[in-house]
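Notes for the one structure printed next.
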Amino acid sequence: MSSKSGPVAKPLLSRRNVLRTALAGAGLAVLAGCQGRPRYSDAGGGPSARSATADALASIVIDPPSDRTTQRVRNELVFGTNSGGAQTQFRLALRASSHEETLGVRGTGAAFARTVRVTASYQLFRLGQLQPVLENTVISTASYDSVEQRFANQRAAIDAEARAARDVAQIIEAQLASTFARSIAGG
């Protein structure tokens, strides 16, 4: 006599399922403490609250650019700092340049990888003063693959320069914010 049995039931609370559920719960608990708010806002304020650091960043006027690379970095800084949005208290003198290098060469002598390096030097002045409050040089690189098509290489070089300029601007913005935060905290 043969007995038929139904499909074998898998336990709902297998060790793997319990572990997954516990990890998911822990992840959700961590994310529950996260808050979305503007980068330089005060923690206690409403959605339109701005911190003293954000106000200081907005009070910077950036000198007009002299070339395309400086224009790219300047545009990113104006966008990131809200420059010119408040009463002007500081002036930022900015100079940037880019340089392209070959990373590797094919057997035919054609480059297959290139890198663009953007270097920016800046000086932050309080209006009416000749001594800079802050000065530094920032460097960032971005690479791209070189192909046999000339237009594609030109476009890739332009995109790489834009990426490196964006990185440079973000580093400068962070350095400026850090300087303002320290001076505000110090009184």
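Position 1 is the first residue of the sequence, and the numbers go up from there. Hydrogens, waters and symmetry mates play no part in the numbers below; they use all other heavy atoms, side chains included.
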Non-hydrogen side-chain atoms of Leu94 and Ile172 separated by less than 4.5 Å: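 Yes; the side chains approach each other to less than 4.5 Å.
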Minimum side-chain heavy-atom gap Tyr122-Leu176 below 4.5 Å: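 The answer is yes, as the side chains (C-beta and beyond) meet within the 4.5 Å cut-off.
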Where [X] and [Y] come nearest, the two heavy atoms and their spacing:
| X | Y | answer |
| --- | --- | --- |
| Val118 | Ser98 | CG2-CB, 4.1 Å |
| Tyr144 | Ala156 | CD1-CB, 3.4 Å |
| Gly80 | Glu173 | O-OE2, 3.0 Å |
| Ala142 | Ala160 | CB-O, 3.3 Å |
| Ala93 | Phe125 | CB-CE1, 4.2 Å |
| Ala120 | Val168 | CB-CG1, 3.4 Å |

Table please: side-chain donor-acceptor pairs of residues 126-140 below 3.5 Å, with sequence neighbours left out.
| unit_1 | atom_1 | unit_2 | atom_2 | d |
| --- | --- | --- | --- | --- |
| Glu135 | OE1 | Gln123 | NE2 | 3.0 |
| Asn136 | ND2 | Gln175 | OE1 | 3.3 |
| Thr137 | OG1 | Ser121 | OG | 3.1 |
| Ser140 | OG | Asp167 | OD2 | 3.4 |

Those residues that, when tested against Asp145, pass salt bridge (Lys or Arg N to Asp or Glu O under 4.0 Å) (two or more places apart):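 Result, salt bridge (Lys or Arg N to Asp or Glu O under 4.0 Å) vs Asp145: none returned.
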Set of residues satisfying salt bridge (Lys or Arg N to Asp or Glu O under 4.0 Å) with respect to Asp63, sequence neighbours excluded: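 Scan of Asp63 (salt bridge (Lys or Arg N to Asp or Glu O under 4.0 Å), adjacent residues dropped) gives Arg91.
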Between [X] (side chain only) and [Y] (backbone N and O only), is there a donor and an acceptor less than 3.5 Å apart?
| X | Y | result |
| --- | --- | --- |
| Thr70 | Ala96 | yes |
| Asn153 | Val147 | yes |
| Thr102 | Arg114 | no |

Passing option when Thr69 is tested against Glu161, His99, Arg74 for side-chain hydrogen bond (donor to acceptor under 3.5 Å, both in side chains):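 Among the candidates, only Glu161 passes.
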Option from Thr81, Leu77, Val78 for which side chain to side chain contact (heavy atoms under 4.5 Å, CB included) with Leu92 holds: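 Testing Leu92 for a side chain to side chain contact (heavy atoms under 4.5 Å, CB included) against Thr81, Leu77, Val78 leaves exactly one candidate, Leu77.
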Short N-O contact, Asp159 and Arg163, less than 4.0 angstrom: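 Between Arg163 and Asp159 there is no salt bridge, as every charged N stays at least 4.0 Å from the carboxylate O atoms.
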Enclosure of Gln154 CD (heavy-atom neighbours >12, cutoff 6.0 Å):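 For Gln154, atom CD is crowded (more than 12 foreign heavy atoms under 6.0 Å).
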